[in-house]
Amino acid sequence: MKILTIILSTFVFSISMADQSIDHSHHDNHEGHIHEQMVDGKHLEVDAIRFDNFIIDLSDTQIAVVSVKGMVCDFCARGIEKTFKKDRDVRKIDVDLRGGKVLIAYDKNKQISFDEIRKMILANGQDATDLQVLSI
Amino acid sequence: MGIINIGLIIILLISNLELEARPISYSGGSTLMAFSDNMRDSVYFHYSPSYKYSIGIESINDKFFDDKYSYMRFTYLLNRKNTQDSQRNLYFQSGFGANGLDKHFIGVHGDWETRRIFAGFGFKRILNKKEDFNDGYVQIGVAPYLGEYGDLHTWIMLKSKKDSLMDKWSTFPVLKFFKGNFLIELGYNEATEWDTHIMYRF
């Protein structure tokens, strides 16, 4: 009976968390925002709210948007954040599990290398497949 | 209707998920785990020089044989497949008694997961001077909601395990929670009692 109670409590808790998750997906009108820019002839492939929140306190910065395969678990993606935070040129990092993206804010003078980023992502066991960089 | 059936129905009714306790960390990372079930208690620390392998030491309180010993452990990633929505892993695991080869084990561990669904298995062959035995399990799970990075993540799972020292499979529901670098897994079965797993990744 105790186990049944625990499972049902978890179920109710999960439903409430699911409601919060749905709230995350409500997008406001973000026309004209930085994420609307074209990068190398392609639209920036990011979650608009997440991206805007990421850059809200940044300036004179390069933003690297990295597409990553295999990034399906928060606990397993922790190493990405830890690995990149060791880089002195990294000012901020965020992981978008839903979109399979890693957002990295670099100092504006950093020479960003996809090969270097790919190796750092691989050090955590995932595969980086694409990189878009824009300056703000 | 038994607890197991209720757990199965809940899993089938809910269609979400994510997870797991990786035996290898990121390159340069280390992990501390504590595990307890009806057969043993253990504390295991491992370091991963590379995402492909880890080395560590495990201290065990063996309840069945009423013994205490340690393993030097080595785990190697045999195969990994990353896709946009999933990851699949197959690991080789081994452990050698810190005081000699009288105790050692080899085994494999595999898992496949998306953000919504998890399936995994493990098998170990344990050899010691008293009695050799096998230890295996299968585990499936569903995440009832998809948390964002940094949120509390929850999994509802079903685990079935068999130790050849015991006669039959034991199947029971498991709840898993993790947030940040901390993970806890709790399972309970009337026959085998609590099955708990705590992990912190540095």
Side-chain angles (χ1 to χ4, degrees), chain A residues 1-25 47 49-50 53 67-84 86 93-103 119-129, chain B residues 3 6-7 10 13-14 16 18-22 24-29 48 50-52 77 80-89 113-116 118 143-156 172-173 175 177-183 186-190 199 201-202:
Chain A
M1 192 62 197
K2 288 179 181 176
I3 294 300
L4 181 59
T5 304
I6 292 171
I7 290 174
L8 288 175
S9 300
T10 304
F11 178 74
V12 172
F13 168 77
S14 298
I15 296 300
S16 65
M17 291 297 287
D19 289 341
Q20 290 181 27
S21 182
I22 290 169
D23 288 342
H24 283 316
S25 64
D47 178 288
I49 292 178
R50 196 167 195 103
N53 286 337
S67 301
V68 180
K69 283 187 175 178
M71 197 170 61
V72 295
C73 161
D74 182 310
F75 194 70
C76 312
R78 289 279 140 191
I80 292 177
E81 180 177 347
K82 290 178 179 178
T83 301
F84 278 93
K86 292 177 184 173
I93 182 166
D94 186 32
V95 173
D96 177 5
L97 294 172
R98 181 168 38 180
K101 306 286 184 187
V102 177
L103 308 178
K119 288 177 181 173
M120 292 173 77
I121 297 288
L122 186 59
N124 194 59
Q126 284 94 24
D127 298 321
T129 58
Chain B
I3 295 299
I6 294 170
I10 289 175
L13 286 174
I14 304 168
N16 275 352
E18 151 182 26
L19 168 14
E20 156 52 7
R22 293 263 161 70
I24 301 177
S25 184
Y26 63 96
S27 300
S48 299
S50 155
Y51 75 96
K52 288 192 172 179
L77 176 64
R80 169 168 288 165
K81 174 72 173 176
N82 289 321
T83 74
Q84 191 62 44
D85 302 312
S86 70
Q87 186 180 74
R88 183 198 68 208
N89 301 292
E113 66 179 301
T114 70
R115 294 186 69 206
R116 295 181 176 273
F118 173 84
Y145 62 92
L146 295 184
E148 299 293 340
Y149 189 67
D151 288 349
L152 173 68
H153 297 261
T154 303
W155 288 77
I156 300 173
F172 51 93
L175 296 175
F177 305 96
F178 57 91
K179 181 176 173 59
N181 297 306
F182 182 75
L183 180 151
L186 300 167
Y188 185 82
N189 177 290
E190 287 183 9
M199 179 185 301
R201 182 159 284 176
F202 297 95

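All figures in this text were calculated on a predicted structure; none of them were measured in a lab. Numbers restart at 1 for each chain; the letters A, B, ... are given by sequence-line order, proteins then strands.
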Side-chain donor/acceptor of A:N124 to backbone N/O of B:S25, under 3.5 Å: no
With no hydrogens and no angle check, is any side-chain donor or acceptor of B:R80 less than 3.5 Å from a backbone partner on A:G125? yes
Measuring from B:Q87:CD to A:K69:NZ, what's the distance to the nearest 0.5 Å? 13.0 Å
Cationic tip of A:R78 within the cone over B:Y149's six-membered ring, i.e. under 6.0 Å and within 45° of the normal? yes
Rounded distance [0.5 Å steps], SG in A:C76 versus CD1 in B:I24: 12.0 Å
Rounded to the nearest 0.5 Å, how far apart are CG of B:L146 and CG of A:D74? 12.0 Å
Nearest 0.5 Å please: distance from the CG atom of A:D94 over to the CD atom of B:E148. 9.0 Å
Mind checking the OG1-OH spacing from A:T83 to B:Y26? Nearest 0.5 Å is all I need. 6.0 Å
Does B:K52 NZ have over 12 foreign heavy atoms under 6.0 Å away? no
Please list, chain by chain and in numerical order, all residues satisfying ring pair (Phe, Tyr, Trp, His ring centres under 6.0 Å) with B:F182, sequence neighbours excluded. none
Would you say the side chain of A:F75 lies within less than 4.5 Å of the side chain of B:H153, judging by non-hydrogen atoms? no
Using non-hydrogen atoms and a 4.5 Å limit, figure out which bit of A:L122 sits close to chain B: side chain, backbone, both or neither. both
Report which part of B:S50 has an atom under 4.5 Å of a heavy atom belonging to chain A: side chain, backbone, both, or neither. neither
Just do the side chain to side chain contact (heavy atoms under 4.5 Å, CB included) check on B:F118 and A:C73 with the steps written out, would you? CA-CA 11 Å; B:F118 173 84; A:C73 161; over 6 Å; no
Could you tell me whether the side chain of A:D127 reaches within less than 4.5 Å of the side chain of B:Q84, counting heavy atoms only? no
Rounded at 0.5 Å granularity, tell me how far CG in B:D85 sits from CE in A:M71. 11.5 Å
Quick check on the interface: out of B:G180, B:G150, B:S86, B:G29, who has the most heavy-atom pairs with chain A under 4.5 Å? B:G180
